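To start, the structure itself, in structure tokens.
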Amino acid sequence: MTDPMPDLITRFLLPHAGVRGVHVQLHDSWTTLLSHAEYPPVAQRLLGEACAAAALLSAHAKVDGRLSLQLRADAGLRLLFAECTAAGQLRGIVQLDETMDLPSDLRSLERPMLAITIENPGLDPREPLRYQSLVELSGASLDEVLEDYFRQSEQLPSRLLLVAGSGYASGLMLQKLPGDEGDQDGWVRACALFDTLGTDELATTPGPLLLHRLFHEEAPQVLAEKALAFGCSCSRERVAAMLQSLGEDEARAAAQDGQTEIQCGFCGRRYTFPLTEIGVLFEQPSANAPAPDRLQ
């Protein structure tokens with residue numbers, strides 16, 4: 001019996017080719033994430049690919065806080081959200097809008113928009129620094145969309161391959177180093193090797209073995225590895241702040257049997273607030289935590 005593959009981000013370098021890369025493999029974290037909700041097949045696959053992509057991009061951008069991908073459409077898809085933090089915590093969710101599943105071709109969505117958001121710590125911990133890029137969905141799949149994004153935003157040739165199933169989500173990204181790094185044909189060689197990789201091999205092959213199989217002639221150098229795990233940042237304080245942002249009337253209107261119950265869509269944890277406690281919340285001049293202006 002083979003040992004289970006760890007959930008891991010691996011940053012590597014192909015020094016002779018002048019190419020950098022990131023490999024991500026998810027198993028336990030992805031299985032844990034899926035244990036909190038049931039999604040139809042295409043939505044589940046796309047969420048897994050988005051989680052792998054969030055991890056890839058967090059390593060590529062060297063994020064100090066968190067990086068998220070948010071995909072919305074005017075119909076069918078209310079929200080697909082995937083996030084990876086600098087500490088290696090992953091979470092994600094899909095919210096469909098009265099539809100059985102998503103189309104396999106992202107271009108079939110109605111007016112879709114993908115946002116990539118990086119949130120880093122600011123001088124005031126209550127006011128993080130946020131940078132957001134809006135990405136046009138010009139490709140059929142998420143990896144095609146992200147390849148186009150990097151070509152346009154960073155003007156650096158990039159290759160991505162993403163794959164996800166019920167027990168795994170994986171991704172591989174290559175990018176040419178800026179300037180004249182590497183020999184003249186390095187990027188061409190790296191892409192030719194990348195093109196030999198199939199989704200089945202990406203899904204089932206541990207990172208070190210995969211890098212050796214693909215790039216052993218380029219003498220790949222592992223720069224860093226980081227473990228990944230499912231994690232949710234919800235808390236009672238955040239939920240209380242959310243209730244305060246709704247206003248006392250709406251918070252009380254949501255109550256049943258004398259209490260308001262809120263369930264986190266990411267981890268399934270339930271938070272219960274008796275009506276007497278709702279009153280106390282609105283007697284305070286401010287919440288213990290600032291009201292979130294985005295998904296927490």
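Just so it is clear, the values below take in all heavy atoms, side chains as well, and ignore hydrogens, waters and symmetry mates. For clarity, every value in this text was computed on a predicted model and none was experimentally measured.
Atom CD of Glu136 sits in a sparse spot, with 12 or fewer heavy atoms from other residues, nucleotides or ligands closer than 6.0 Å.
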Determine, step by step, whether His60 and Arg11 satisfy the side-chain contact (heavy atoms from CB on, under 4.5 Å) criterion, reporting the C-alpha distance in whole Å, the side-chain angles of both residues, the deciding distance to 0.1 Å, and the verdict. CA-CA 8 Å; His60 168 76; Arg11 292 175 51 240; over 6 Å; no
Stepwise side-chain contact (heavy atoms from CB on, under 4.5 Å) check, Ser133 with Ser153: CA-CA 9 Å; Ser133 299; Ser153 66; over 6 Å; no
Where do Cys267 and Leu33 land on the side-chain contact (heavy atoms from CB on, under 4.5 Å) test, with the steps shown first? CA-CA 7 Å; Cys267 67; Leu33 189 155; over 6 Å; no
For Gln70 and Thr117: C-alpha separation, side-chain torsions, deciding distance, then whether side-chain contact (heavy atoms from CB on, under 4.5 Å) applies. CA-CA 8 Å; Gln70 298 183 54; Thr117 304; 4.2 Å; yes
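Using modelled atom types, one side-chain atom of Arg236 and one backbone atom of Thr272 make a donor-acceptor pair closer than 3.5 Å. Of the possible polar contacts, none joining the Trp30 side chain to the Gln25 backbone as a donor-acceptor pair under 3.5 Å is found. With Asp7 contributing its side chain and Ala227 its backbone, the two residues share no donor-acceptor pair below 3.5 Å. Formation of a donor-acceptor pair under 3.5 Å by the Glu201 side chain with backbone atoms of Leu197 is not found in this model.
Under the 4.5 Å side-chain heavy-atom criterion for Ile, Leu, Val, Met, Phe, Trp and Tyr, Leu160 and Trp187 are members of distinct hydrophobic clusters.
The side-chain tip of Arg91 points at the ring of Phe266 from less than 6.0 angstrom away and within 45° of straight on.
Ionic pairing of Asp195 and Arg159 is present here: one or more N-O contacts between side-chain nitrogen and carboxylate oxygen are shorter than 4.0 angstrom.
For the pair Leu8 and Leu26, the minimum side-chain heavy-atom distance is 4.5 Å or more.
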